[in-house]
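Here's the structure, in structure tokens; my notes come after.
A quick note: this is a predicted structure, and the numbers were derived from the prediction, not measured. Values below: every heavy atom of this structure, side chains too, minus hydrogens, waters and symmetry copies.
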Amino acid sequence: TGIPMEQHQAEQAAEDALSRTDHGDFEDRVKAAVVDKTGKKDGKDWTLYKVKTEKHGSFSTFDPVVFDEARLAVTVGHPVMVRTEATPKGGKVNGFGPVEVNAAA
């Protein structure tokens, strides 16, 4: 049972490559929103959150409001507009919005 280590590593590498791509805004489902790391710098606590999307990989944020939005998107389960930007350390998620529906002319 379980995924062979080689397959898991290949899937993780593919997800990491997706996360470094500058997607800008895109429509996707949010699969997970988790605390990735915590620490302390200059006497202040910090938390890095990871947001995993269905088709575009994983993105990080330090913003607890964005993390709460991501958790809500997981709960709802519907596609949302995900706003991201590329950074040297990988993709950063900036927020979420409703999926835009084009009205028929």
Side-chain angles (χ1 to χ4, degrees):
T1 66
I3 299 173
M5 183 57 94
E6 297 81 18
Q7 181 181 348
H8 175 73
Q9 289 172 335
E11 289 173 0
Q12 185 65 46
E15 183 175 295
D16 290 347
L18 275 174
S19 300
R20 286 196 249 314
T21 305
D22 185 4
H23 295 291
D25 293 354
F26 59 87
E27 181 181 327
D28 205 344
R29 280 188 174 83
V30 179
K31 295 188 332 183
V34 298
V35 172
D36 190 34
K37 299 176 186 175
T38 60
K40 189 175 278 235
K41 182 174 182 178
D42 298 329
K44 294 184 180 180
D45 292 329
W46 57 265
T47 302
L48 180 64
Y49 306 101
K50 183 175 274 190
V51 177
K52 294 183 180 185
T53 63
E54 192 170 80
K55 299 176 186 167
H56 293 84
S58 296
F59 301 86
S60 297
T61 184
F62 287 100
D63 189 332
V65 173
V66 171
F67 175 65
D68 288 341
E69 290 176 359
R71 289 185 354 183
L72 179 60
V74 170
T75 302
V76 171
H78 297 293
V80 295
M81 287 302 294
V82 182
R83 295 187 299 276
T84 69
E85 67 181 86
T87 73
K89 294 184 177 184
K92 175 184 171 189
V93 64
N94 294 323
F96 303 89
V99 172
E100 309 253 337
V101 178
N102 295 329

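Thr53 places a side-chain N or O within 3.5 Å of a backbone atom of Gly57 that can act as its donor or acceptor partner. Checking side-chain atoms of Arg29 against main-chain N and O of Glu54 turns up no donor-acceptor pair under 3.5 Å.
Here NZ of Lys92 is found 8.0 Å from CG of Asp63. Values are rounded to the nearest 0.5 Å. Here the CG atom belonging to Asp36 is positioned 10.5 Å from the OG1 atom belonging to Thr47, to the nearest 0.5 angstrom. Taking NZ of Lys50 as the reference point, atom CZ of Phe67 lies at 13.0 Å (rounded to 0.5 Å). Asn94 CG to Glu85 CD: the interatomic distance, rounded to the nearest 0.5 Å, is 4.5 Å. Atoms NZ and OG, from Lys52 and Ser60 in turn, are 10.5 Å apart once rounded to the nearest 0.5 Å.
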**OP:** Please test Asp45 against Thr38 for side chain to side chain contact (heavy atoms under 4.5 Å, CB included), starting from the C-alpha separation and ending with a verdict.
**Re:** CA-CA 7 Å; Asp45 292 329; Thr38 60; over 6 Å; no
Original post:
Run the side chain to side chain contact (heavy atoms under 4.5 Å, CB included) check on Phe62 and Tyr49 step by step: do they pass?
Top reply: CA-CA 6 Å; Phe62 287 100; Tyr49 306 101; 5.7 Å; no
Subject >> Lys55/Asp28 under salt bridge (charged side-chain N to carboxylate O under 4.0 Å, His left out): CA gap, chis, key distance, verdict >> reply: CA-CA 7 Å; Lys55 299 176 186 167; Asp28 205 344; 5.5 Å; no
**OP:** Start with the C-alpha distance between Val65 and Glu69, add both sets of side-chain angles, then the distance that settles side chain to side chain contact (heavy atoms under 4.5 Å, CB included), and finish with yes or no.
**Re:** CA-CA 6 Å; Val65 173; Glu69 290 176 359; 4.0 Å; yes
Original post:
After noting the C-alpha distance and the side-chain angles of Phe59 and Phe26, does the key distance pass the ring-ring contact (aromatic ring centres under 6.0 Å, His included) rule?
Top reply: CA-CA 13 Å; Phe59 301 86; Phe26 59 87; 5.7 Å; yes
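Between Ala73 and Val30, the closest heavy-atom pair is CB-CG2, 3.8 Å. The two atoms that bring Ala33 and Arg71 nearest to each other are CB-CG, 3.7 Å, heavy atoms only. Contact record, Met81 with Pro98: CG-O, 3.0 Å, taken as the closest heavy-atom pair.
Hydrophobic clustering of Ile, Leu, Val, Met, Phe, Trp and Tyr side chains at less than 4.5 Å, counting indirect connections, unites Val82 with Val74.
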